[in-house]
Student: 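Attaching a single structure in structure tokens format; questions to follow.
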Number of protein chains: 2
Amino acid sequence: MSEGLLTPTMEDYLETIFNLERRTKAIRVKDIAQSMGVKLPTVTSMLNTLIQKGLVNHEKYEYVELTGEGSKIAQEIDRRHGILRSFLIDILKIDAKLAEEDACKMEHAISPDTLERLLLFMEFVEVCPRAGSEWLKYFSQYCRDGRPKDDCLEHMKGFLDQYSTKLKDMEARKGVKKMADILLKELSPGKKGRIARVTGSGSIRRRILDMGIVPGAIVEMERVAPLGDPVEVKVKGYHLSLRKDEASHVYVGPL
Amino acid sequence: MSEGLLTPTMEDYLETIFNLERRTKAIRVKDIAQSMGVKLPTVTSMLNTLIQKGLVNHEKYEYVELTGEGSKIAQEIDRRHGILRSFLIDILKIDAKLAEEDACKMEHAISPDTLERLLLFMEFVEVCPRAGSEWLKYFSQYCRDGRPKDDCLEHMKGFLDQYSTKLKDMEARKGVKKMADILLKELSPGKKGRIARVTGSGSIRRRILDMGIVPGAIVEMERVAPLGDPVEVKVKGYHLSLRKDEASHVYVGPL
DNA sequence: CATGATAATTAGGCAAATCTAAATTAATTC
DNA sequence: GAATTAATTTAGATTTGCCTAATTATCATG
């Protein structure tokens with residue numbers, strides 16, 4: 001009945017009760033404590049908070065149930081959870097256990113608008129034939145090997161005719177191998193490439209590799225300082241600043 | 001120097017200091033308070049905690065800076081943030097401001113494995129020519145109109161030859177319109193379709209529409225009870241339970 | 001129906017993260 | 001260089017969510 005702001009913890013309790021209601025008839029404090037992994041007094045005290053807010057019904061020593069309002073809110077939370085889980089499992093191919101955990105935490109962090117957009121995205125992947133299940137299979141393969149299968153590229157040949165840039169990239173990859181390798185410092189800002197090889201030896205080579213600049217990684221040029229030193233790049237999400245001498249040991253090929 | 005467990009709040013402070021260090025030379029308590037939207041004493045007390053952990057250097061009334069360790073951790077957090085933001089902006093097309101907010105909250109919720117997978121996914125979208133920028137353009141369009149453009153489907157015609165099921169779907173959609181509409185209750189479990197129309201009138205129709213079962217929405221059949229009543233479906237992430245008489249007012253077409 | 005086991009509540013404490021108000025230090029300026 | 005102003009810290013309170021220990025209620029059953 002009081003104000004409408006729920007903490008993530010309160011949301012978790014509502015969701016837990018909601019899920020217990022779907023399984024069991026009568027819910028006891030103990031069941032909630034077990035589900036949430038907390039002790040009994042913690043549940044009692046949270047229930048009092050939720051009763052105050054008009055979201056839960058509970059007489060001392062009796063069963064617990066959600067009110068209409070509580071049920072409505074819990075359903076929303078459960079939906080957030082479900083959408084996130086399904087994104088993690090069906091699109092990102094995260095394993096079910098971890099997906100469950102992550103969905104549980106992320107459901108309190110994602111905004112309503114972003115959630116709806118994520119749902120739309122999943123629908124799109126499913127509906128648009130350029131994405132869909134075949135495409136996701138290639139993603140599974142990419143998860144394992146870090147590169148798309150050749151036949152993923154070949155499949156697209158006809159389609160790619162209209163996209164000459166990409167077509168050229170593809171030809172380059174299939175034709176003269178490594179033909180396109182350039183020095184990292186020659187990559188223009190905003191462009192991406194794949195690390196082809198790192199030359200040099202000893203500590204300079206080690207330092208470069210330690211930064212995550214390893215063959216196969218995708219690198220994006222962010223900024224080249226006036227005299228070409230330092231060079232700022234992004235690799236695996238990291239922003240790195242390379243000195244000129246370091247950058248000249250790194251060769252980059254097409255994606 | 002003490003234990004290694006950081007709360008989300010501590011992570012936020014580290015990240016804030018890290019970002020301030022990139023902009024300004026000397027950082028004061030006031031700057032942090034302003035960035036974080038808290039009062040000065042809150043910052044002082046958090047700084048003491050972080051000093052204790054060996055992540056921050058700060059002499060009374062002096063400037064604040066991250067230690068090596070603090071900087072390393074902050075960089076990781078910043079990376080999480082950056083990857084999430086880029087997913088939200090570049091893939092989901094969320095507007096920059098909201099993306100920033102969401103990334104900020106989600107960065108504390110996502111697990112390392114899931115984060116890496118998300119990064120891989122983004123690389124895949126970029127690298128695999130079946131996805132890529134053209135495909136994402138169609139997603140932008142789908143965000144607006146709720147359906148893929150016809151030319152998105154046509155583009156794929158050649159490609160789809162090998163995928164007869166999808167091809168048939170496509171033909172159905174372009175050919176005899178609405179030919180494939182069936183009653184919702186006839187949809188088999190696990191299958192999805194698009195709501196074509198809702199018949200009936202008055203309260204029953206309103207109730208159906210209020211549940212989110214509206215033309216254009218994508219629906220998945222989850223379970224049909226033994227006697228066909230109730231029917232459990234998922235629409236826009238919601239789990240709904242429909243009575244037989246409700247379900248027989250709903251027609252479903254192909255995706 | 002008395003009694004022991006189980007469940008739930010009450011009481012009181014703790015840590016994190018915030019606040020306000022008051023005291024202190026540093027910086028500026030006249 | 002003394003006084004004013006701004007920044008910072010200290011002190012102490014609050015809220016949330018958890019805990020342990022002790023008390024109380026309910027239930028099964030001998």
Side-chain angles (χ1 to χ4, degrees), chain A residues 1-17 20 24-66 70 73-74 77 104-105 107-109, chain B residues 1-17 20 24-66 70 73-74 77 104-105 107-109:
Chain A
M1 296 298 181
S2 74
E3 347 131 32
L5 292 179
L6 300 185
T7 62
T9 310
M10 291 174 200
E11 290 188 348
D12 281 336
Y13 278 87
L14 288 181
E15 193 183 6
T16 295
I17 298 169
L20 286 171
T24 336
K25 289 287 119 184
I27 299 163
R28 306 238 225 62
V29 173
K30 193 187 129 191
D31 302 321
I32 301 170
Q34 187 164 27
S35 272
M36 294 283 301
V38 300
K39 294 298 163 74
L40 291 171
T42 307
V43 176
T44 302
S45 113
M46 179 56 76
L47 286 178
N48 289 331
T49 306
L50 296 173
I51 289 165
Q52 265 266 289
K53 290 182 180 291
L55 304 175
V56 160
N57 288 141
H58 179 225
E59 300 293 323
K60 272 189 191 178
Y61 297 102
E62 299 297 322
Y63 297 134
V64 177
E65 65 174 16
L66 295 175
I73 294 174
I77 300 162
C104 214
K105 286 180 283 166
E107 75 194 13
H108 306 296
Chain B
M1 295 300 180
S2 73
E3 347 131 30
L5 291 179
L6 299 185
T7 62
T9 309
M10 292 173 198
E11 290 188 348
D12 281 336
Y13 279 87
L14 288 181
E15 193 184 6
T16 294
I17 298 169
L20 287 171
T24 335
K25 289 287 119 183
I27 299 163
R28 306 237 228 62
V29 172
K30 194 186 128 190
D31 302 320
I32 301 171
Q34 187 163 27
S35 273
M36 294 282 302
V38 299
K39 295 299 163 72
L40 291 170
T42 309
V43 176
T44 302
S45 114
M46 179 56 76
L47 286 179
N48 289 331
T49 306
L50 296 173
I51 289 165
Q52 265 267 287
K53 291 183 179 289
L55 304 175
V56 160
N57 288 141
H58 179 225
E59 299 293 323
K60 273 189 191 179
Y61 297 101
E62 299 297 322
Y63 298 133
V64 177
E65 65 174 16
L66 295 176
I73 294 174
I77 299 162
C104 214
K105 286 180 285 168
E107 76 194 11
H108 306 297

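By convention in this document, chain letters (A, B, ...) are assigned in the order of the sequence lines, proteins followed by strands, and residues within each chain are numbered from 1.
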Student: Specify the closest pair of heavy atoms between Ala33(A) and Leu40(A), including all atoms of both residues, with the distance to one decimal.
Tutor: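 Shortest heavy-atom contact: CB-CD2, 3.9 Å.
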Student: Could you tell me whether the side chain of Thr24(B) and the main chain of Ile27(B) form a donor-acceptor pair under 3.5 Å?
Tutor: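 It does not hold such a pair.
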Student: Would you mind reading off the distance between Lys60(B) atom NZ and dA26(C) atom C1', rounded to a whole angstrom?
Tutor: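 Lys60(B) atom NZ is separated from dA26(C) atom C1' by 14 Å.
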Student: Could you please name the option among dC18(D), dA17(C), dA21(C) that lies closest to any side-chain atom of Pro41(B)?
Tutor: dA21(C)
Student: How many whole angstroms separate atom CG of Leu40(B) from atom P of dA11(D)?
Tutor: 17 Å
Student: Does OP1 or OP2 of dT20(C) have a side-chain N or O of Lys39(B) closer than 4.0 Å?
Tutor: yes
Student: Looking only at the side chain of Tyr13(A) (C-beta and beyond, no hydrogens), which of the listed nucleotides dT24(D), dC18(D), dG17(D) gets closest?
Tutor: dC18(D)
Student: For a quick test of reading the model: is some side-chain N or O of Thr44(A) closer than 4.0 Å to OP1 or OP2 of dA8(C)?
Tutor: no
Student: By nearest nucleotide on DNA chain D, pick out whichever of Tyr61(A) and Thr49(A) is the more 5' one.
Tutor: Thr49(A)
Student: Would you say Thr9(B) places a side-chain N or O within less than 4.0 Å of OP1 or OP2 belonging to dA17(C)?
Tutor: yes
Student: Can you check whether Thr7(A) has a side-chain N or O nearer than 4.0 Å to OP1 or OP2 of dT16(D)?
Tutor: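 It does not, given that no N or O in the side chain of Thr7(A) lies less than 4.0 Å from OP1 or OP2 of dT16(D).
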Student: Base, sugar-phosphate, or nothing: which does Met36(A) touch, judged by heavy atoms less than 4.0 Å apart?
Tutor: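 Answer is nothing: Met36(A) stays at 4.0 Å or more from every strand.
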Student: Calculate the interatomic distance between Lys30(B) atom NZ and dA6(D) atom C1'; express it in whole Å.
Tutor: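 The answer, rounded to whole Å, is 8 Å.
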Student: Give the rounded distance in Å between these two atoms: CD of Glu62(A) and P of dA8(C).
Tutor: 10 Å
Student: Once you round it to whole Å, what is the distance between C1' of dA17(C) and CG of Asp12(B)?
Tutor: 12 Å
Student: Taking atom P of dA8(C) as reference, at what distance in whole Å does atom NE2 of His58(A) sit?
Tutor: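 His58(A) atom NE2 is separated from dA8(C) atom P by 7 Å.
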Student: Donor-acceptor check, side chain of Asp31(B) to backbone of Arg28(B), threshold 3.5 angstrom: yes or no?
Tutor: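 Yes, because the side chain of Asp31(B) sits within donor-acceptor range (under 3.5 Å) of the backbone of Arg28(B).
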Student: Of Met46(A), Lys105(A), Glu107(A), which meets side chain to side chain contact (heavy atoms under 4.5 Å, CB included) against Asp12(A)?
Tutor: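 It is Glu107(A); the other options fail the test.
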Student: Could you check how far OH of Tyr63(A) sits from C1' of dA25(D), rounded to whole Å?
Tutor: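 My rounded result for the distance is 14 Å.
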Student: Between Ile32(A) (CD1) and dT9(C) (P), how many Å, whole number?
Tutor: 10 Å
Student: Between Lys53(B) and Leu5(B), what is the shortest heavy-atom contact and its length?
Tutor: NZ-O, 3.6 Å
